[in-house]
Amino acid sequence: MTAELQCVVLDCSEPLELARFYRSLLGGAVNQEDRRWAVGEEWATLHTPSGLVLAFQRVTPYQPPRWPDASRPQQFHLDFGVPDLDQAQEQALASGATVLDDGAGERSWSVLADPAGHPFCLVRH
């Protein structure tokens with residue numbers, strides 16, 4: 001092993017706002033003290049209960065992905081396992097997500113976007 005994943009970083013226009021959005025989905029602590037990162041207006045973190053750290057970095061000007069438009073691709077996406085897809089989707093929408101593709105009730109996952117436009121999937125497990 002050469003390296004260890006420390007966090008996943010998402011570009012956005014409002015780092016603290018996006019960290020709070022993901023806290024509403026995953027729980028955890030926004031901007032928890034951590035010697036690896038300095039937080040501030042340009043950078044925020046979310047330490048999740050599972051140990052995963054998400055980081056949010058201000059980019060100006062920020063251009064969100066347009067799923068599934070290849071001219072502004074998603075670049076990456078996150079999959080979140082959920083026991084109840086409908087309930088998880090309702091909670092995500094209440095927290096500021098938007099639906100990109102709900103699968104019309106014909107599959108076990110749906111595609112949403114966070115408030116900065118990053119696609120993510122909710123997957124029934």
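If you're wondering where the values come from, they're calculated on a predicted model, not measured in any experiment.
- Ion pairing between D101 and R107 holds under the 4.0 Å rule for side-chain N and carboxylate O.
- Listed here is the closest heavy atom pair of A113 and F120: C-CE2, 3.6 Å.
- A distance of 9.5 Å separates CH2 in W37 from CD in Q32, rounded to the nearest 0.5 Å.
- A donor-acceptor distance shorter than 3.5 angstrom exists from the side chain of R58 to the backbone of E41, with no hydrogens or angles considered.
- Not a single donor-acceptor pair under 3.5 Å links the side chain of R124 to the backbone N or O of V82.
- Between the side chain of Y62 and the backbone N or O of A116 there is at least one donor-acceptor pair closer than 3.5 Å.
- The distance from atom CG of L122 to atom CG of D79, rounded to the nearest 0.5 Å, is 9.0 Å.
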Please test L78 against Y22 for side-chain contact (heavy atoms from CB on, under 4.5 Å), starting from the C-alpha separation and ending with a verdict. CA-CA 11 Å; L78 303 170; Y22 278 102; 4.3 Å; yes
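- Within the 4.5 Å cutoff, the side chain of N31 has heavy atoms near those of the L16 side chain.
- In plain terms, the two heavy atoms of W43 and A55 that are nearest each other are CZ2-CB, 3.4 Å.
- For the atom pair SG of C12 and CD of Q57, the computed distance is 8.5 Å after rounding to the nearest 0.5 Å.
- Of all the heavy atoms in L46 and R23, the pair that sits closest is CD2-N, 3.6 Å.
- By the 4.5 Å heavy-atom criterion applied to side chains, T98 and L112 are not counted as neighbours.
- Open room surrounds CD on Q87; 12 or fewer heavy atoms of other groups in view lie less than 6.0 Å from it.
- Nearest heavy-atom pair, P119 versus L100, reported as atom, atom and distance to 0.1 Å: CB-CD1, 4.1 Å.
- Q89 has its side chain within reach of V99: a pair of non-hydrogen atoms, C-beta onward, lies under 4.5 Å apart.
- Looking only at side-chain heavy atoms (C-beta outward), P115 and E17 come within less than 4.5 Å of each other.
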Carefully, step by step, assess W67 and V111 under the rule side-chain contact (heavy atoms from CB on, under 4.5 Å). CA-CA 9 Å; W67 185 88; V111 183; 4.3 Å; yes
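- With rounding to the nearest 0.5 angstrom, the OG1 atom of T45 is 10.5 Å from the CD atom of E33.
- Between H118 and P65, the closest heavy-atom pair is CA-CG, 4.2 Å.
- Contact of the S71 side chain with the R66 side chain is not registered, since no non-hydrogen atoms from C-beta on lie closer than 4.5 Å.
- Under the 4.5 Å side-chain heavy-atom criterion for ILVMFWY residues, a single connected hydrophobic cluster contains both F21 and F56.
- Each of V30, L54, D114 was checked for a side chain to side chain contact (heavy atoms under 4.5 Å, CB included) with L18, and the lone residue meeting it is D114.
- Heavy atoms only, all atoms of each residue included: C121 and H77 are closest at SG-CD2, 3.9 Å.
- At least one side-chain heavy atom of L26 sits less than 4.5 Å from a side-chain heavy atom of F80.
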Intermediate values then yes/no, side-chain contact (heavy atoms from CB on, under 4.5 Å), L85 and S110: CA-CA 8 Å; L85 184 59; S110 60; 3.8 Å; yes
